Amino acid sequence: MSTQTLTGLALAVIGLVSAALVSAAGEFKVGVGKVVITPTQDMWLAGYAARSKPSEGKLHDLYAKALAIEDETGARTVLVTSDLIGVPAALVNEVARRAREKFELPRERLMVTVSHTHSGPVLQDRLQHMYGLDETQTRLLVEYSKTLPTLFLQAIEGALKDLQPGRVEWGVGRAGFAVNRRQYTLGGVINASNPIGPVDHDVPVLKVSRPDGSIKAVVHGYACHNTTLNLQKFSGDYAGFAQAYLEAKLPGATALFVCGCGGDANPLPRGTVELAQKYGAELAEAVLAVVKQPLTELMGPIRVAFKEVSLGLSPPPTRTEVEKQLLDLNIYIQRRAKVLLKTLDEKGELPTTYPYPVQVWQFADGMQMIALGGEVVVDYSLRLKYELGRERTWVIGYANDVCAYIPSLRVLREGGYEGAESMIYYGHHGPWAPTIEENILRTVHELAGPAKK
Ligand SMILES: [Zn+2]
């Protein structure tokens, strides 16, 4: 073999290696999983304290869905969405533990979200005490909640088994039905339409296509409470209708909805199935308009980070003060007092902080998904898009632990439901400390790194 041939061979080998690297860069494998999670029997519906009876059938099924993305390093990242009101940390931690054991999925590569439908079942979580349910209904919600980790794991397994080459792109559309719901009156902030209040009408879309160009999945977000309906039937509300609409219009595609920072937004007007269908169609049409446009292709590797930041709560009441609340005229303050006394009996004190989950996923070209726990108000979405760049930032709420409303400092100071009163229903002894917004923002910046120009 001559030197010349050797050199030629070496160059050919180098050429092959670099061609392989080039073709691998940004190449994803993507899979989807979908599992029905509708309760098999009627049970209490979540979200409104005033309901007086269990569900009576369904409008359509509830689902847990998963999207798995494997990047060129072999790392797998999995988004789980669900037609539920909220997921507590205990449930998500159980799913994460089992996903790590079974699929070697690191915690930071799993994101569990809900649509916040108020037409789903009551779960075993911080909110369950607000309903004052009897023994039978409590047993049903505990039994149902126990089935969820397995159902979520099935959706994740389905997505991992389905991994096939795919192209991932993103773009942003717009839908206008979310209305700020913090109305300012002389008597304070009330829960009613505030057409001059801040909202986020962006509809971020992740489009996943197969090599033949057909659409495999559309992940879409919207920052609005999923509360068009107050019926006695299970449904995914407007987000359920949007997903069904998209799956009908895009045969072979799975539609996954993630809720944005809609803590202080409602779909208004509301109250009828027709309106829920109308908002679902409006959201779905916004998504369809996006997927028809030329979009930004996303590249791997996907960088991930997850952290629980310790958020301060207001100073706790004394035991005597809590005992006094047992006699309060407000039944929900009475019920919360029972929960607080149980904590005092078991732990000897009430917590002064709460471990709050913040998660960031970044594609190589800079698009990032920022997932925050709880019912996040719109100020976070607007501020994060301002500070990190709207063209590369997708802000997700109701992720990993729906533990309370998450007011900005403005909303905390203004008070009202999202700023203060909702803490009663979530079983917290009082409002968040005024450091909440800066603590969350600092953590997001720490995980996301400096904003790219
Ligand atoms: Zn809510």
Side-chain angles (χ1 to χ4, degrees), residues 44-51 62 81-89 91-92 112-123 125-131 177-183 189-194 197-200 221-231 234-240 257-268 270-271 276 279 332 336 354 356-357 371-381 395-408 411-412 414-428 431-432 436:
W44 217 264
L45 289 156
Y48 302 111
R51 280 190 174 107
L62 309 177
T81 66
S82 57
D83 299 310
L84 290 170
I85 187 142
V87 277
L91 189 155
V92 177
V112 179
T113 69
V114 295
S115 73
H116 200 48
T117 176
H118 282 44
S119 298
V122 174
L123 302 181
D125 66 2
R126 303 195 66 91
L127 280 168
Q128 76 182 76
H129 306 286
M130 80 188 251
Y131 307 100
F177 60 85
V179 180
N180 189 288
R181 68 178 203 187
R182 291 173 55 78
Q183 189 180 98
V189 179
I190 61 166
N191 195 332
S193 170
N194 175 7
V199 284
D200 176 358
Y222 195 55
C224 183
H225 256 71
N226 205 2
T227 48
T228 324
L229 297 172
N230 184 6
L231 305 173
F234 289 123
S235 87
D237 205 286
Y238 78 76
F257 173 83
V258 287
C259 199
C261 300
D264 47 352
N266 266 340
L268 295 174
R270 57 183 182 158
Y279 298 142
Y332 302 110
R336 176 182 64 176
Y354 189 87
Y356 176 77
L372 303 173
E375 304 205 39
V376 191
V377 300
V378 70
D379 291 357
Y380 286 88
S381 185
V395 190
I396 295 168
Y398 299 85
N400 296 309
D401 180 12
V402 182
C403 50
Y405 275 81
I406 304 299
S408 58
V411 170
L412 186 77
E414 288 172 1
Y417 186 74
E418 297 84 2
E421 290 154 25
S422 56
M423 293 300 258
I424 300 167
Y425 302 104
Y426 273 102
H428 297 289
W432 293 105
I436 184 168

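As the structure lists them, so they are numbered: ligands from 1, and atoms in each ligand from 1. All residue numbers refer to positions in the sequence shown, counting from 1. Being a predicted model, the structure only gives us computed values, none of them experimental.
The aromatic ring centres of Y425 and Y332 sit less than 6.0 Å apart.
In summary, H118 places no N/O/S atom under 2.8 Å from the Zn ion (ligand 1), failing the contact criterion.
The aromatic rings of H428 and W432 lie tilted to each other, with the angle between the two planes from 30° to 60°. Classified by interplanar angle (parallel below 30°, tilted 30° to 60°, perpendicular above 60°), the ring pair Y405/Y426 is perpendicular.
Sorting the N, O or S atoms of E375 by how far they are from the Zn ion (ligand 1) puts OE1 first. The atom of H116 nearest to the Zn ion (ligand 1) is NE2, with the search restricted to N, O or S atoms.
Within the 3.5 Å criterion, the main-chain N or O of F177 finds a donor-acceptor partner in the side chain of Y222.
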